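In what follows, chains are A, B, ... by sequence order, proteins preceding strands, each numbered from 1. Quick caveat, the model's predicted, so the values are computed rather than measured. Only heavy atoms go into these numbers, but all of them, side chains included; no hydrogens, no water, no symmetry mates.
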Protein chains: 2
Amino acid sequence: MSNSKLKSIGQLGKQFSISRSTLIYYDKKGLLKPSSRSEANYRLYTNGDIEKLKLILIYRNGGLSLEEITGLLNSKSGKSTSILTNRLQLLNQEIAKLRQQQQIIVQIIGQSKMLKSTRLLDKDRWVKLLRATGLSDDDMEKWHIEFERAMPEMHQDFLESLGLSQKEIRAIRKQSKQAEA
Amino acid sequence: MSNSKLKSIGQLGKQFSISRSTLIYYDKKGLLKPSSRSEANYRLYTNGDIEKLKLILIYRNGGLSLEEITGLLNSKSGKSTSILTNRLQLLNQEIAKLRQQQQIIVQIIGQSKMLKSTRLLDKDRWVKLLRATGLSDDDMEKWHIEFERAMPEMHQDFLESLGLSQKEIRAIRKQSKQAEA
DNA sequence: TCTAAACTGTATAGCTATAGTCGGGTCAAG
DNA sequence: CTTGACCCGACTATAGCTATACAGTTTAGA
């Protein structure tokens with residue numbers, strides 16, 4: 001209807017905030033080949049191409065690989081569903097992995113004497129850091145629970161290193177243990 | 001004390017389930033250079049090297065880059081803390097990103113007519129899939145809430161596509177709306 | 001002792017999804 | 001006709017490895 005003029009690689013790139021290199025790469029990979037070329041061999045993208053690109057970007061935002069995207073664009077629903085559910089599964093694995101990494105990092109920080117020796121972190125700073133970093137109170141509680149279950153002693157040490165009183169520590173640990181059940 | 005014999009690259013690899021190539025790579029990068037070499041120029045790792053490797057692997061499990069690990073091994077606590085808290089921050093960003101990707105994928109699945117046309121998924125299979133994939137009931141509830149807030153109509157469509165009755169759908173949506181507040 | 005397997009060395013290419021850079025061609029405006 | 005903004009294809013770089021090739025070394029068995 002409206003915009004049926006052919007677009008050059010630069011215009012397209014600007015419109016979707018993609019670099020020229022990316023578009024060339026997609027062309028080479030066969031993911032998005034412009035439907036026509038100018039006399040001087042310039043790439044010319046049709047509206048159809050643009051729609052396809054929009055789809056590609058949506059899929060890309062879902063974290064799908066270019067190979068998977070190719071599959072989605074070329075195949076019918078049966079295969080598509082499996083690609084998508086596959087991705088979903090992988091996503092959860094990845095999230096679980098990152099969660100584990102979080103724990104490991106926290107352990108390292110708590111374990112080393114860094115905290116005590118440098119006195120860089122007290123409770124307030126620590127909580128502030130975690131909050132700034134995107135963790136909700138809910139998430140933090142889950143951490144305590146997990147921490148308590150996996151390594152209670154270290155949990156204790158860690159809380160001590162943050163300068164909490166024994167009373168406070170007892171309260172937190174008790175709560176974490178209850179919540180676990 | 002016990003094991004003070006020098007180890008070859010192969011032995012070390014086997015012990016820690018690392019490939020020879022990886023060790024060579026670490027050597028080249030300067031991350032872990034064996035303290036000595038045999039007459040035939042074979043790499044010989046001392047106990048000290050092995051301890052260092054253990055540390056490296058711990059850090060690696062925390063998802064730290066080799067560059068960051070190098071930093072941690074060479075520097076004192078001040079810098080170390082910043083590297084670690086940095087990583088913590090990044091981890092949360094990454095997790096948030098993956099969360100978003102999850103949502104996008106689910107939207108795509110729900111949006112397309114794949115479900116209806118192929119009839120591949122009913123509620124039970126869907127729930128089973130999500131559960132197998134590591135999502136807790138808690139997580140699923142959060143999804144509904146988020147889904148309801150972001151795009152209520154699609155939420156409705158999606159639930160319909162799973163074959164739920166209008167009654168069930170009303171219940172879920174109502175609950176999601178309440179929880180949001 | 002000889003030989004073959006199992007090891008080691010270095011060097012190189014490949015993987016993903018881009019970003020960026022090169023030298024050179026093309027096009028519109030002034 | 002020149003200037004500047006575009007375009008071309010090809011190449012390089014990124015992280016963290018893996019895999020391959022080819023050559024020398026060590027070790028186990030016959």
*Asks:* Applying a strict under-4.5 Å side-chain criterion to I, L, V, M, F, W and Y, I'd like to know whether L55(A) and Y25(A) cluster together.
*Replies:* yes
*Asks:* Between the protein and nucleotides 1-3 of chain D, which nitrogen or oxygen pairs are less than 3.5 angstrom apart?
*Replies:*
none

*Asks:* Could you list the residues that satisfy salt bridge (charged side-chain N to carboxylate O under 4.0 Å, His left out) with R37(B), not counting sequence neighbours?
*Replies:* D27(B)
*Asks:* Once side-chain hydrogen bond (donor to acceptor under 3.5 Å, both in side chains) is applied, do any residues pair with S38(B), and if so which ones, sequence neighbours excluded?
*Replies:* none
*Asks:* Distance-only check: which donor-acceptor pairs under 3.5 Å involve side-chain atoms of residues 9-17 of chain B, not counting sequence neighbours?
*Replies:*
| residue | atom | partner | partner atom | Å |
| --- | --- | --- | --- | --- |
| Q11(B) | OE1 | S8(B) | N | 2.9 |
| Q11(B) | OE1 | S8(B) | OG | 3.4 |
| Q15(B) | OE1 | K7(B) | NZ | 2.6 |

*Asks:* Write down the distance between CG (L44(A)) and P (dT26(C)), rounded to a whole number of angstrom.
*Replies:* 15 Å
*Asks:* In whole angstrom, what separates K33(B)'s NZ from dT10(C)'s C1'?
*Replies:* 13 Å
*Asks:* Report the residues that fulfil side-chain contact (heavy atoms from CB on, under 4.5 Å) with K167(A), sequence neighbours left out, ordered by chain and then residue number.
*Replies:* S165(A), R170(A)
*Asks:* Looking at residues at least two apart in the chain, or sitting in another chain, which of them share a salt bridge (charged side-chain N to carboxylate O under 4.0 Å, His left out) with E94(A)?
*Replies:* R87(A)
*Asks:* Side-chain N or O of R43(B) less than 4.0 angstrom from OP1 or OP2 on dC7(C)?
*Replies:* no
*Asks:* Excluding sequence neighbours, so at least two apart, what forms side-chain contact (heavy atoms from CB on, under 4.5 Å) with I58(A)?
*Replies:* I108(B)
*Asks:* At under 4.0 Å between heavy atoms, how does the protein contact nucleotides 11-21 of chain C? Give one character per nucleotide, 5' to 3', with B, S or -.
*Replies:* -B----BBBBB
*Asks:* Encode nucleotides 23-28 of chain D as B, S and - characters from 5' to 3', where the letter depends on protein heavy atoms closer than 4.0 Å: B to the base, S only to sugar-phosphate, - to neither.
*Replies:* -BBS--
*Asks:* Does E67(A) CD have over 12 foreign heavy atoms under 6.0 Å away?
*Replies:* no
*Asks:* Whole-Å distance between dC8(D) C1' and D27(A) CG?
*Replies:* 12 Å
*Asks:* Go through the structure and list residues passing side-chain hydrogen bond (donor to acceptor under 3.5 Å, both in side chains) with E51(B), not counting sequence neighbours.
*Replies:* K54(B)
*Asks:* Go through the structure and list residues passing side-chain hydrogen bond (donor to acceptor under 3.5 Å, both in side chains) with S65(A), not counting sequence neighbours.
*Replies:* E68(A)
*Asks:* Nearest whole Å is fine: how far is dC7(C) C1' from L23(B) CG?
*Replies:* 14 Å
*Asks:* For Y26(A), what residues pass the side-chain hydrogen bond (donor to acceptor under 3.5 Å, both in side chains) criterion, not counting sequence neighbours?
*Replies:* R60(A)
